[in-house]
Amino acid sequence: MLNKKVADIFRNIAHILEIKGDNPFKIRAYLKAADSLENVTEDLEDVEREGRLAQIEGIGKDLAAKISEFIGFDRIKYYDELKKEVPGGLLDLLSIPGVGPKTAKLLYDKLKIADINTLEKYAREGKLRNLEGLKEKTEENILRGIELVKKGRERMDLGTAFITADKFISLLQDKPYVKKISFAGSLRRMKDTVRDIDILISSAHPEKVIDDFTRVEEVKSILNKGDTKSAVLTGDGVQVDLRVVPDNSFGAALLYFSGSKAHNIKLRQLAQKKGLKINEYGVFRARSVEDRAKAIAGKTENEIYKLLGMPFIEPELREDNGELEAALKNKLPVLINSDDIKGDLHMHSLYSDGHYSIKDMANAALKKGYDYVALTDHSIALKVANGLDLAALKRKRLEIEKLNKGLKIRILFGTEVELDNDGNTDYSDKVLSEFDIVVGAIHSGFRQPKEKITKRLIKACRNRHIDIIAHPTGRLWGVRDAYEVDFGAFFKAAADTGTFLEINSFPTRLDLNDVNARHAKESGVKIAISTDSHHIAQLDFIRFGVAVARRAWMTKHDVANTLSLKELMRVKKK
DNA sequence: GCCGTTTTCGGCCCGACTGTTTTCAGTCG
């Protein structure tokens, strides 16, 4: 995707400038612009055509020109020139924890090291310790860092991250010196993937808390350990960071530690204009002598936002995507909550590839407080998932009719119907017309060109029987990337035809993602948040789908399955 | 390189930890 490509180039330019020792603020401008571009919901080509590039946060005249240049010529001359000065492999060195621009430059200038393998060789041979300002300890750290990089400390999906985070929190929360505890960072902001897990604790005895932390049984190695913070690595290679602060600083620290960085920077700038200073210990009068006892605020996040003249901002919104401006005008959306969800519209039973009966799935949904649930087993063409033939459909239908007489939840007769390479369904119109809910889905032909996939999805929108399109971009974390779609055209078709688009809550899918979902909302598309459960325990994944919707600024009115069954049946197609 | 209710120049968030020093630079979040 173009936005991502340009963002990556800007990030590379920033890294090259760092190594060159260029103006740090210029470097920050490139990094800020890169972050900003990744949050732009529209395609940059459209924004450029309408001359709105410079309206993007962090993009000025100069960077707008560079984006235009890339759109027109598929290259940026300035970037090409820079690359000649700094060999490509040198940028890879920056991915090693502990190696920054200064060290990378030193290694290249003195020893002509420009890739990770060469660096490893020199470090093993003890050839780094003769460099100025670098001794054995740093050599060891570099080797340890390289080991981490080689292990591929990738980002992990939210589900995996929460398993580790919950474990640490449950083991630490009852320790005698722990007063308050919370996870923070991108996990608290519910980003779809996270790199490490951040935990914040308030305590009067930080050293004892940090001792307990480093002794948690999952800890395999200690990366660092200071008076108030520490970082460890688990056996699974997950990094967990801990910060300990006094109890009256908990709110300020939670704010700081939750980020995002861009949100914090802007918040601190706002504070500066009011003659205040925010750090992780609280809010202070900027001119007074540093005295942490004299914080004006800091116990809770809420009082800090209030002091700056705005309401509380939910962590999911803290990406510097306009949330601070909206908060100052008191125009933040009332975000959807898990409690707003009235039913789940995508799940499987024993009829296809699920692991529980329809009755079990329905009872589990009832326990979650739902009013309705759609059992959308696979259709006949998806043989690997035991897709239902007409005889099986009949049996399933009769079973549902029978169950509906005795249960306090309404079971909807549904299907997840295959969309073939041209966007046609494998069930006939007549068969489709008998379902309460039809979910259309792509499970093959992911590599079609953008135009073809877009046409296929639009055709599905125009099918009068298809109520919802499941996992609209096909991405599966760690397996395959999303296919290319012309989102502008696709979302317009969905909005025009009243087709709901799914936010699939499976943590390895989360599809639509936050940025696309916000684009869909802005295009007038109605969303269905579903779990795609194959197991009763997976119904709880709904919180991840809701999180995506919250990150997309959605209220309950943007989401179809917050409606009562009666309302849902009224607003859906047909 | 961006940005503006201290506005077109002169600012740009703030602090902890480590390793190397003898007061600090580099890195990280």
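Just so it is clear: chains get the letters A, B, ... in the order the sequence lines come, proteins before strands, and each one is counted from 1. Side chains are part of it too, since the values below use all heavy atoms of this structure and drop only hydrogens, waters and symmetry mates. A quick note: this is a predicted structure, and the numbers were derived from the prediction, not measured.
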Base, sugar-phosphate alone, or nothing: which one does [X] contact when heavy atoms must sit under 4.0 Å apart?
| X | result |
| --- | --- |
| Arg243(A) | sugar-phosphate |
| Lys32(A) | nothing |
| Lys225(A) | sugar-phosphate |
| Asn264(A) | nothing |
| Ile59(A) | sugar-phosphate |
| Tyr256(A) | base |
| Asp198(A) | nothing |
| Lys105(A) | nothing |
| Leu267(A) | nothing |

Is it the case that the side chain of [X] and the backbone of [Y] share a donor-acceptor pair, with hydrogens and angles ignored and the cut-off at 3.5 Å?
| X | Y | value |
| --- | --- | --- |
| Gln538(A) | Thr531(A) | no |
| Asn248(A) | Gly282(A) | no |
| Asp511(A) | Thr473(A) | yes |

Practice prompt. Mark up nucleotides 21-27 of chain B, 5' to 3', with B wherever a protein heavy atom is under 4.0 angstrom from a base atom, S wherever such an atom reaches only the sugar-phosphate, and - elsewhere.
Written response: S----SS
[X] bridged to [Y] by N-O distance under 4.0 Å:
| X | Y | result |
| --- | --- | --- |
| Glu325(A) | Lys266(A) | yes |
| Lys77(A) | Glu81(A) | no |
| Lys5(A) | Asp8(A) | no |
| Glu38(A) | Arg11(A) | yes |

Provide the distance between the two [atom1] atoms, one in [N] and one in [M], to the nearest whole Å.
| N | M | atom1 | result |
| --- | --- | --- | --- |
| dT7(B) | dC12(B) | P | 15 Å |
| dG1(B) | dT8(B) | C1' | 14 Å |
| dA25(B) | dT20(B) | P | 16 Å |
| dT27(B) | dT21(B) | P | 15 Å |
| dG11(B) | dA16(B) | P | 26 Å |
| dC13(B) | dT18(B) | P | 26 Å |

Please pick, from [options], the nucleotide with the shortest atom-to-atom distance to any side-chain atom of [X].
| X | options | answer |
| --- | --- | --- |
| Arg268(A) | dC14(B), dC17(B), dG29(B) | dC14(B) |
| Lys66(A) | dT18(B), dG1(B), dC14(B) | dG1(B) |
| Glu280(A) | dC13(B), dC2(B), dG15(B) | dG15(B) |
| Lys229(A) | dG1(B), dC17(B), dG29(B) | dC17(B) |
| Asn224(A) | dA16(B), dC17(B), dC2(B) | dC17(B) |
| Thr228(A) | dA16(B), dG19(B), dC12(B) | dA16(B) |
| Asp227(A) | dC2(B), dC17(B), dC12(B) | dC17(B) |

Rounded to whole angstroms, how far apart are [atom1] on [X] and [atom2] on [N]?
| X | N | atom1 | atom2 | answer |
| --- | --- | --- | --- | --- |
| Leu276(A) | dC14(B) | CG | P | 11 Å |
| Gln55(A) | dC3(B) | CD | C1' | 15 Å |
| Leu31(A) | dC28(B) | CG | P | 13 Å |
| Leu148(A) | dC28(B) | CG | C1' | 14 Å |
| Leu53(A) | dC2(B) | CG | C1' | 15 Å |
| Ile76(A) | dG1(B) | CD1 | C1' | 14 Å |
| Asp320(A) | dC13(B) | CG | P | 12 Å |
| Phe257(A) | dC14(B) | CZ | C1' | 14 Å |

Worksheet item: With under 30° as parallel and over 60° as perpendicular, where do the rings of Phe544(A) and Phe162(A) fit, or are they tilted in between?
Response: tilted
Worksheet entry | Whether Tyr78(A) and Tyr30(A) hold their rings parallel, tilted or perpendicular, with breakpoints at 30° and 60° | parallel
Worksheet item: Just to confirm, is there a sub-4.0 Å distance from OP1 or OP2 of dC14(B) to any side-chain nitrogen or oxygen of Gln272(A)?
Response: yes
Item to complete: Give the minimum heavy-atom separation between Leu53(A) and Ser68(A), together with the two atoms involved.
Response: CD1-OG, 3.6 Å
Worksheet, complete the sentence: Between Glu139(A) and Ile278(A), the residue closer to the 5' end of DNA chain B by nearest nucleotide is Ile278(A)
Discussion item. Quick check on DNA chain B: between Lys261(A) and Tyr30(A), whose nearest nucleotide comes earlier from the 5' end?
Written reply: Tyr30(A)
Worksheet item: Does the base of dG29(B) carry an N or O that pairs as donor and acceptor with the side chain of Asp241(A) under 3.5 Å?
Response: no
